[in-house]
K.L.:
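Mind having a look at this structure? Questions to follow.
Just so we're clear, the structure is a prediction, and the values are computed from it rather than from any experiment.
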Amino acid sequence: MRFLLLVEARLVGAHLCVAAALLCGAAWAQATNVEVRDESGAPVGGAEVFRNCTLAGMTGANGRLVINLNQGDRLAARKLIKTGTAIKGQHDGWSYRVYLTNVRQENDGTQVDHLVTSPESLQVLTLRKDQAQIGLNLVGSVFYNATPENLQNIAQGMRDASRYLFDLSDGQLFFERFTLYEAGQHLQDADMQFYVDEWPNAHVGGLHQLGQHIRLPGPGFNGLGNPYLAWTWPNGFRTIIHEFGHYGIGAYDEYFRTDSMSMQVKSLCTKDQATQPLASRASAMDSQYHTTEFCHDGNHNSDTEQGQRNKRSVWGTLEQAWQGAGYTLRTPMSRGEVNPGPNELACTAQLTTQIVPVAAFACPPIPLKAKLLTSNAPGINVTLYKAHSSDIIPQGRTNDLGELSIYGAAPGDTLHLSRGHKNGGIFSSFKGSATIEKCEGLEVPLMLYVNIRYYPLPKLKIPGPVPELILELPINGDPLRHQLRFEAQVHLPGGRPQPVTLTYRPREGVLAGRLPLDLGSSSRFLLDVHVQNDAGQTSGAAFQYEGALFHRGGPGEGPLGKTPPSGAPPPAWELFAPDGPVGLTVTPASLPPETSVLVGETAVPAEVPEGLVIMAGPYSIQGDHPVSGQLGLRLPYRTQDFCGARKGSVAIYRLEADTFQPVRTSTVDEARGLAFASVDAWGVYAVLGAPARGTHAPPTLRCPEPLQLTVPAGERGATASLQEPHVEDACSGTRLVGARQDGQPLDAPFPPGRTVVRWTATAQDGRQATCEQIVEVQLHQVPNVDGSGCRCALGGVHRAPGSAWLLLLGAAAVLGWRLRLRSSHRRGSRGSRV
């Protein structure tokens with residue numbers, strides 16, 4: 001039996017070829033006039049027009065552009081109306097651009113552009129003032145020499161972050177351009193600085209200030225810390241936008257309130273968070289991990305830090321910061337409801353990324369294991385010293401298994417490992433070092449070094465022609481009598497180490513030194529202290545510090561100064577970046593004017609009370625003037641290295657003489673890992689708590705969505721790069737292993753059909769969690785109408801394979817064709833052929 005499909009075309013040729021385009025692609029596109037107009041109907045010249053998300057051209061003075069169009073094409077247009085000047089370098093002079101578009105954001109979260117229904121007709125696109133989009137130009141710099149994979153992961157994370165920001169801002173803010181430099185290039189010009197080991201934090205309002213940045217861990221972020229997951233995980237790219245909420249919008253956190261400087265945790269987030277579905281849940285300035293909106297005036301809790309400092313919701317702050325002449329931002333307040341989307345970027349809001357690498361070679365992340373005799377060595381500080389530059393790159397601390405991944409290393413570089421330890425009246429340290437010879441895993445043995453106890457207590461003096469570091473090292477005994485030699489160096493990002501000359505002052509029992517610092521626009525430096533005893537043993541460690549200058553009435557302009565947010569009346573100011581390692585809130589009554597404050601890590605100078613461990617710090621918090629009131633102190637702490645903490649055991653402690661004593665006003669937000677206290681003196685502070693080993697739940701494991709692959713018929717399989725599952729655990733050191741159902745390696749081609757990949761996360765104490773990922777490979781048959789290609793002729797009769805029937809039936813339904821099916825029989829035929 002043979003079937004012939006007869007097409008009776010009762011339409012003119014142009015309409016018939018629309019149907020043919022369903023079979024043959026865009027070969028039958030119609031040359032069409034597109035006109036862009038403003039709200040008054042006047043033509044708009046110089047507007048960009050996008051056809052199916054591809055730039056088709058720019059309108060002329062008459063507002064028109066001729067484009068080849070098919071029925072079903074989508075058109076979007078935008079017109080640049082404002083350009084913001086960049087205050088930081090490497091931005092090509094602009095920091096943001098404002099466009100008017102024809103893309104409408106509906107209240108239900110959907111986006112509406114222009115659908116082509118009649119390609120032969122004039123297509124009119126109208127730009128509206130309440131359909132503005134603001135594209136941001138950001139620069140990033142990775143402090144270490146990263147791998148291409150690491151750089152691409154950051155760039156992809158920025159694309160995902162832009163989509164999340166587009167959702168949060170109801171389709172009005174997006175990242176338009178992102179330039180990423182490697183190996184510390186243009187670090188001080190960067191909006192985003194990526195370090196190996198860094199807890200995410202950002203300066204409020206830093207987009208328009210020199211020396212203000214977003215600081216992030218370059219390897220990625222999972223909401224917990226090292227080991228990190230890729231930036232493409234929701235906890236990663238959403239964290240970028242939480243920090244941009246500080247940096248680019250001027251918003252504060254919404255997970256606590258300030259209560260007479262004691263920073264008690266009394267007010268959390270928005271009032272209705274728990275009752276809202278994820279698509280409408282606020283606020284990303286509370287916990288970005290499970291929210292997709294900013295709070296607005298209707299659901300904002302005014303008792304949060306955001307409400308107390310800015311006196312408005314985050315949406316109110318966004319509107320104030322980004323509203324301008326010539327366009328109108330739409331908010332949930334003006335809409336009358338929350339917009340739960342959009343979930344995807346508009347064609348007019350795409351991100352362009354550029355990666356600027358360096359020629360120097362860098363190894364992939366190198367697995368490191370620190371060993372003390374036959375045992376693993378957790379909590380060891382690891383620092384990378386580059387062989388061919390002066391860069392010193394902190395890598396973080398080893399986990400419970402004594403393991404850490406090393407980033408930015410190359411053969412010839414040196415790793416230094418150290419950790420302070422108190423043993424009776426002697427301060428000692430574990431120390432080890434290794435030179436990297438190959439890009440392979442290293443196992444570094446540690447030795448115990450003993451010397452007289454010391455710990456850095458630096459201060460920073462900023463007012464004056466040049467900032468000056470004032471360094472004191474309290475020690476127990478005369479270093480000259482014990483033939484001890486101390487060396488100290490200060491390392492500024494991108495500069496050579498500067499030595500500090502130390503002099504012993506016996507009356508105070510300290511080694512002291514001063515060093516003028518050319519800080520430029522940086523507020524950070526690394527202090528490296530080494531001591532050699534009479535036996536020739538050398539020990540020491542590197543400590544990171546950050547400075548700020550307080551002015552009465554609020555932080556101000558100048559080196560390390562900050563400008564108060566516009567219209568912010570509260571007389572309380574955060575001296576350091578929100579979410580950073582140390583949060584310090586001050587008022588005009590708590591500090592004298594022109595006080596320089598320096599915070600950062602220090603050594604462990606005393607015994608930790610029995611049963612407790614250090615979960616954050618210890619931090620040296622010093623000023624060059626005495627405290628005259630109450631300071632609000634906030635320290636984030638980590639429990640995963642200790643498999644959690646016993647409930648009620650965590651608190652802030654202060655070093656007094658040789659012991660840590662609890663601070664009376666200390667309070668804790670266990671859900672977010674934050675400790676608060678009201679303090680009235682400089683000193684050394686730490687968060688201590690009792691480990692809760694054995695009392696925690698199994699790891700949380702979430703597999704990626706099923707992966708569908710298509711390969712041409714005849715191929716034996718498809719190669720796939722599998723994305724690892726998302727793992728969360730109260731402890732560090734969790735191992736993840738994937739195994740295929742067919743027993744093949746994970747990187748082997750997947751055969752046609754369905755293959756199950758089973759992932760298992762195993763904690764160091766044996767707790768396990770599993771999940772399964774499906775990989776399905778389908779064979780793709782390319783339809784061929786007549787064996788040689790697609791031909792379209794008016795009134796023609798075509799033989800079509802079965803796969804073309806659906807297309808023809810669809811065309812018939814759209815264009816009103818009548819299809820007649822005629823059959824014929826041939827003797828001796830064993831089957832039918834179409």
K.L.:
Okay, side chain of Trp231, backbone of Gly218: is any donor-acceptor separation there less than 3.5 Å?
P.N.:
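A pair under 3.5 Å: yes.
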K.L.:
Given side-chain contact (heavy atoms from CB on, under 4.5 Å), test Asn150 with Phe194 step by step and report yes or no.
P.N.:
CA-CA 11 Å; Asn150 190 179; Phe194 295 90; over 6 Å; no
K.L.:
Any sub-3.5 Å donor-acceptor pair from Arg419's side-chain atoms to Arg397's backbone N or O?
P.N.:
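Side chain of Arg419 to backbone of Arg397: no pair is present.
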K.L.:
Look only at the side chain of Glu182 and the backbone of Ala146, and say whether a donor-acceptor pair between them is shorter than 3.5 Å.
P.N.:
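Yes.
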K.L.:
Check whether any side-chain heavy atom of Glu705 sits under 4.5 Å from a side-chain heavy atom of Gln773, and report yes or no.
P.N.:
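Heavy-atom side-chain distance check fails, nothing below 4.5 Å.
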K.L.:
Are side-chain heavy atoms of Thr353 and Arg159 found at a separation under 4.5 Å?
P.N.:
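Side-chain contact under 4.5 Å: yes.
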K.L.:
Keeping the roles fixed (side chain from Glu403, backbone from Lys369), state whether a donor-acceptor pair exists under 3.5 Å.
P.N.:
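Side chain of Glu403 to backbone of Lys369, a donor-acceptor pair under 3.5 Å: no, none is there.
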K.L.:
Would you confirm whether Asn145, through its side chain, and Ala360, through its main-chain N or O, come within 3.5 Å as a donor-acceptor pair?
P.N.:
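Yes, Asn145 side chain to Ala360 backbone: donor-acceptor pair under 3.5 Å.
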K.L.:
Mind checking whether Trp199 and Phe221 have parallel, tilted or perpendicular rings, split at 30° and 60°?
P.N.:
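Geometry flag for Phe221 against Trp199: perpendicular rings.
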K.L.:
Would you say the side chains of Gln288 and Thr239 form a donor-acceptor pair under 3.5 Å?
P.N.:
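Judged by distance alone, the side chains do pair up.
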K.L.:
Evaluate the side-chain proximity of Ser405 to Pro219: yes if any heavy-atom separation is below 4.5 Å, no if none is.
P.N.:
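Pro219 does not reach Ser405 side chain to side chain.
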K.L.:
Under 3.5 Å, is there a donor-acceptor pair between the side chain of Asp413 and the main chain of Ala387?
P.N.:
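Answer holds: yes.
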K.L.:
Counting distance only, does the side-chain N/O of Arg740 pair as donor-acceptor with the main-chain N or O of Pro745 below 3.5 Å?
P.N.:
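Checked: pair present.
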K.L.:
I'd like to know if the side chain of Thr398 and the backbone of Ala377 have a donor-acceptor N/O pair within less than 3.5 Å.
P.N.:
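Here the side-chain-to-backbone pair exists.
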K.L.:
Have Glu724 and Trp759 got a donor and an acceptor in their side chains that come within less than 3.5 Å?
P.N.:
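No donor-acceptor contact under 3.5 Å links the two side chains.
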K.L.:
Parallel, tilted or perpendicular: which one describes the rings of Tyr255 and His242, with boundaries at 30° and 60°?
P.N.:
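It falls in the parallel class, under 30°.
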K.L.:
His530 side chain to Glu487 main-chain N or O, any donor-acceptor pair under 3.5 Å?
P.N.:
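No; judged by distance alone, with no hydrogens or angles, the pair does not exist.
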K.L.:
Just checking, any donor-acceptor pair under 3.5 angstrom between side chains of Tyr385 and Asp528?
P.N.:
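There is such a pair (donor and acceptor under 3.5 Å, judged by atom type) between the side chains of Tyr385 and Asp528.
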